[in-house]
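This report concerns only the one structure given below.
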Amino acid sequence: MKIPPVKGTRDFYPPDMARRNWIIDGWKRVSVRNGFEEYDGPIFEYLKMFQIKSGDEIVEQLFSLEDRGGRELALRPEITPTLARMVNQQISSLPKPIKWFSVPRLFRAERPQKGRLREFFQWNIDIIGVDDVLADAEVILTTIDYLREIGLTPKDIKVKISSRKLLAVFLRSIGIAENKLESLYTLLDKKAKLPEDTFEKLLTEQVTNKETVTKILNFMNCNSIPDIPKLITKENKEFYAYKNVMLVFDYLETMGVKDYCEFDAGIVRGLAYYTGVVFEVHAVEGELRAICGGGRYDNLLRDFGGPPISATGMGMGDCVLEILLKEKGLLGKSLPKKELDYFVAFAKGYGGGTVYKVAAELRSRGFSAVFSYKTSAGLSKLLKEASALNAKKCVIVGQEYLDNKQLVIKDMATGKQELVNYDSLFTQLKPESK
RNA sequence: GUGAAAGUAGCUCAGUUGGUAAGAGCACUGGAUUGUGGAUCCAGGGGUCGCGGGUUCGAAUCCCGUCUUUCACCCCA
């Protein structure tokens with residue numbers, strides 16, 4: 001009876017695993033060099049925890065279960081609630097700022113489609129306890145640091161940056177009621193996806209006043225920071241929000257990544273909990289969904305029963321990234337090749353236990369060594385196997401071993417061979433000679 | 001949850017208005033090659049044509065259902 005893989009999951013055969021590790025190792029390496037420390041939590045949590053941040057609708061998109069004690073649990077669809085829980089538990093003893101990263105395996109019971117599966121990996125970085133937008137800039141810098149390292153240039157991708165705070169003060173200044181903001185965010189977030197007239201129509205339905213609609217459209221289409229003051233009043237609050245956006249770009253310029261960044265008032269993010277700088281990374285060409293997104297969230301720790309400490313972070317899934325890298329031909333280019341120090345072969349009739357003994361001795365000294373299971377194969381076949389494994393050197397056990405306890409060492413790159421005494425082979429070897 | 005397209009070997013695919021049509025390339029295994037690798041040549045294994053039903057003398061091919069995949073919508077943490 002054949003059992004197929006579960007909908008929306010992936011099998012990672014060795015070549016797929018190599019790609020996955022390459023991506024994840026890059027995430028981890030870049031996190032560490034940007035000063036982030038790794039953390040992780042359980043793969044399932046109380047169902048309740050995911051409702052705090054995201055509400056009840058989200059429950060339908062969770063894999064939930066009940067344990068034998070009747071506890072309502074769910075596989076984690078994101079790790080930020082876990083982060084909030086963990087930080088709150090030890091908040092008073094953790095040195096600030098908290099700069100943590102994680103690469104959790106996440107689960108969402110959504111219908112799979114391009115760049116979206118039911119099980120995936122996501123790189124998360126967060127800075128907790130810094131109000132200054134310098135922290136937002138550093139999160140963006142770290143994101144770019146990775147994307148740049150894997151070969152993506154400002155011609156390939158753009159970080160589109162805006163501010164929820166700026167949007168909020170703007171909307172309030174033109175008379176939008178506080179309780180309408182949230183539903184308006186959801187609509188504004190779709191601007192780039194909807195046709196222009198459809199968007200305008202939906203906006204008019206929500207706002208009714210034609211003049212207000214025009215003001216919002218003008219603001220949303222703004223992609224130049226110097227133009228912002230023309231659109232907002234010069235009251236303190238608004239000017240402060242505007243200055244903060246300017247400041248982010250100043251920091252990013254100082255950090256040398258301004259080429260990757262642009263202001264785009266159309267970036268809103270669907271989620272309610274963002275309160276400050278928000279950003280998404282998009283491919284310049286193509287219709288691909290956002291590669292990653294993030295922003296500042298001021299209230300999350302408090303919502304999870306902790307102190308009102310501000311935080312900012314970023315999440316990047318592996319699915320969309322992999323699609324983009326394939327399109328750009330950047331995946332596999334820099335993948336590490338198979339590595340093998342020694343292949344231990346034998347000339348027909350001379351194998352026996354010596355082959356396994358040599359391999360075991362090499363392994364015990366820290367070298368990788370492989371022997372063949374084809375006990376009756378000819379040397380030709382065995383060397384072919386050694387080549388397929390990308391072996392650096394090949395040890396051949398043959399007549400010389402019977403005659404003088406000597407082994408043939410063949411350098412697979414140059415083809416050169418030398419005779420070495422069995423006893424001296426291992427004493428000559430030092431790990432550095434790898 | 002809604003809609004559209006597609007399912008033939010491990011992978012990528014071909015397959016004539018329905019008529020000896022179960023095929024190719026790659027991959028895999030073996031041989032040429034009993035002491036010398038990456039190449040080449042030859043051979044071999046591998047398929048309930050997603051599954052079930054129907055139409056027909058006859059179905060990979062047409063029809064219905066179903067499952068899966070992909071894509072779009074919803075949603076996007």
Side-chain angles (χ1 to χ4, degrees), chain A residues 2-11 13 15-16 49-55 57-62 74-84 104 106-118 120 122 124 185-186 189-190 193-194 198 268-274 278 280 287-290 292-295 297 300 313-317 319-320 323 340 343 345-351 372-402 407-417 419:
Chain A
K2 267 190 185 173
I3 298 176
V6 173
K7 182 199 271 275
T9 63
R10 288 170 288 180
D11 292 330
Y13 290 87
D16 310 306
M49 211 171 78
F50 301 117
Q51 292 168 307
I52 293 177
K53 177 180 154 196
S54 312
E57 318 87 56
I58 244 64
V59 173
E60 291 173 21
Q61 307 203 347
L62 292 179
L75 296 182
R76 63 186 180 191
E78 56 171 331
I79 200 168
T80 313
T82 303
L83 171 69
L106 304 178
F107 307 86
R108 298 177 184 176
E110 298 173 297
R111 199 86 165 253
Q113 55 182 281
K114 192 174 187 183
R116 191 161 79 178
L117 297 169
R118 290 182 163 192
F120 58 96
Q122 191 182 64
N124 282 77
Y185 289 151
T186 311
D189 184 52
K190 288 176 192 153
K193 281 188 83 176
L194 296 171
T198 313
V268 179
R269 307 287 289 154
L271 210 63
Y273 85 122
Y274 288 109
V278 285
E280 289 176 1
E287 297 294 306
L288 212 54
R289 64 181 66 238
C292 71
Y297 48 98
L300 191 71
M314 182 282 301
M316 180 189 296
C319 303
V320 176
I323 293 170
L340 178 63
F343 186 91
F346 56 88
K348 214 165 196 177
Y350 300 99
S372 175
Y373 277 90
K374 295 169 189 159
T375 50
S376 65
L379 189 53
S380 165
K381 266 271 152 30
L382 292 174
L383 286 169
K384 195 174 275 199
E385 199 175 329
S387 291
L389 293 171
N390 201 25
K392 290 195 189 86
K393 290 183 176 180
C394 195
V395 179
I396 301 167
V397 182
Q399 186 65 44
E400 303 87 346
Y401 183 71
L402 292 185
L407 298 166
V408 178
I409 310 294
K410 183 183 177 75
D411 186 307
M412 295 300 280
T414 63
K416 281 183 184 165
Q417 301 188 168
L419 271 174

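These numbers come from a predicted model, not from an experiment. Chain letters run A, B, ... following the sequence lines, proteins first and then strands; every chain starts at 1. Computed over heavy atoms, backbone and side chain alike; hydrogens, waters and symmetry mates excluded.
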Distance-only donor-acceptor hits, side chain of residues 410-417 of chain A, under 3.5 Å, sequence neighbours excluded:
residue	atom	partner	partner atom	Å
A/K410	NZ	A/Q417	OE1	3.4
A/D411	OD1	A/A413	N	2.8
A/D411	OD1	A/T414	N	3.1
A/T414	OG1	A/K416	N	3.2

Integer-rounded Å distance: B/rA77 P and A/Q51 CD: 18 Å
Nearest-nucleotide wise, let me know which of A/K190 and A/G415 is further upstream toward the 5' end of RNA chain B. A/G415
Taking the P atom in each of B/rC13 and B/rG30, what is the distance between them to the nearest angstrom? 29 Å
Under 3.5 Å: donor-acceptor pair, side chain of A/R108, backbone of A/P77: yes
Look up atom OG1 in A/T198 and atom NZ in A/K190, then write down how far apart they are to the nearest 0.5 Å. 12.0 Å
Find the distance A/Y185:OH to B/rC75:P and express it as a whole number of Å. 18 Å
Distance between the P atoms of B/rA27 and B/rC11, in whole angstroms? 15 Å
Considering only the C1' atoms, how many Å lie between B/rA24 and B/rG46, rounded to the nearest integer? 15 Å
Closest non-hydrogen contact found for A/F120 with A/C319 is CB-SG, 3.8 Å
Of all the choices, B/rC76, B/rU36, B/rG30, which nucleotide is nearest to the side chain of A/R289 once you look at every atom? B/rC76
Applying a 4.0 Å non-hydrogen cut-off, can you work out what A/E400 is touching in the nucleic acid: base, sugar-phosphate, or nothing? base
Quantified in whole Å, what is the P atom distance between nucleotide B/rU29 and nucleotide B/rG53? 38 Å
Considering only atom P, compute the distance from B/rA6 to B/rG50 and round it to an integer number of Å. 13 Å
Same-atom distance (C1') from B/rG47 to B/rU34, integer angstrom: 37 Å
Taken to the nearest whole Å, OH/A/Y273 to C1'/B/rC76 is 12 Å
Spacing of A/K7 atom NZ and A/R111 atom CZ [to the nearest 0.5 Å]: 5.5 Å
Between P of B/rU34 and NZ of A/K374, the distance in whole Å: 14 Å
Assess whether one donor atom and one acceptor atom, taken from the side chain of A/Q61 and the base of B/rG1, lie less than 3.5 Å apart. no
Every protein N/O lying under 3.5 Å from an N/O of nucleotides 40-42 of chain B:
none

Have a look at A/R269 and say if it touches a base, only the backbone sugar-phosphate, or nothing, with a 4.0 Å heavy-atom cut-off. sugar-phosphate
What contact category does A/G398 fall into here, base, sugar-phosphate, or nothing, at under 4.0 angstrom with non-hydrogen atoms? base
Remember a base hit wins even if backbone is also touched, and classify A/E385 as base, sugar-phosphate or nothing at under 4.0 Å, heavy atoms. nothing
Check: A/Q122 side chain, B/rA77 base, donor-acceptor under 3.5 Å: no
Counting only side-chain heavy atoms from C-beta out, which of B/rC75, B/rA77, B/rG37 sits nearest to A/M412? B/rG37
In this structure, how many angstroms lie between the C1' atom of B/rA77 and the CG atom of A/L75, rounded? 15 Å
Rounded to the nearest 0.5 angstrom, the CZ-CD distance for A/F50 and A/E78 is 7.0 Å
Do A/V408 and A/E400 make a side-chain contact, defined as non-hydrogen atoms from C-beta onward lying under 4.5 Å apart? yes
Would you write out the dot-bracket form of RNA chain B, 5' to 3', with Watson-Crick and G-U pairs under 3.5 Å, [ ] for crossing pairs, | for pairs to other strands and . for unpaired bases? (((((((..((((.....[...)))).(((((.......))))).....(((((..]....))))))))))))....
How far does CZ of A/R10 sit from CG of A/D16, to the nearest 0.5 angstrom? 9.0 Å
Which heavy atom in A/F343 sits nearest to a heavy atom in A/A391, and how many Å separate them? CB-CB, 3.9 Å
Take the protein atom CD of A/Q399 and the nucleotide atom C1' of B/rU36, then report the distance between them rounded to whole Å. 16 Å
Suppose you measure atom C1' in B/rG45 against the same atom in B/rG31; what distance do you get, rounded to whole Å? 14 Å
Distance between P atoms of B/rC42 and B/rG25 (Å, rounded): 10 Å
Quick one: does any side-chain atom of A/D189 pair with a main-chain N or O of A/R269 as donor and acceptor, under 3.5 Å? yes
Select base, sugar-phosphate, or nothing to describe what A/G349 touches, counting heavy atoms under 4.0 Å on all strands. nothing
Those residues at least two apart in sequence (or on a different chain) that pass ring pair (Phe, Tyr, Trp, His ring centres under 6.0 Å) with A/Y273 are A/Y297
Any idea which of B/rG35, B/rG38, B/rU36 is nearest the A/L383 side chain? B/rU36
Please determine whether any donor N or O and acceptor N or O are separated by less than 3.5 Å between the side chain of A/R108 and the base of B/rA77. yes
Could you state the NZ-C1' distance from A/K348 to B/rG31, rounded to the nearest angstrom? 11 Å
CG on A/L106 to CG on A/N124, rounded to 0.5 Å: 7.0 Å
Could you go through nucleotides 67-70 of chain B and list every protein N or O atom that sits under 3.5 Å from one of its N or O atoms, giving the distance for each pair?
residue	atom	partner	partner atom	Å
B/rU69	OP2	A/K7	NZ	3.2

Residues 376-387 of chain A side chain polar contacts: donor-acceptor under 3.5 Å, at least two apart:
residue	atom	partner	partner atom	Å
A/E385	OE1	A/S372	OG	2.9
A/S387	OG	A/L383	O	3.2

Does B/rG31 have OP1 or OP2 under 4.0 Å away from a side-chain N or O of A/K381? yes
Could you state the atom-to-atom distance from CG of A/N124 to P of B/rC76 in whole Å? 18 Å
Could you work out which one of B/rC73, B/rU33, B/rA77 sits closest to the side chain of A/S380? B/rU33
Output the distance between atom CD (A/E110) and atom CD (A/E60), rounded to the nearest 0.5 Å. 11.5 Å
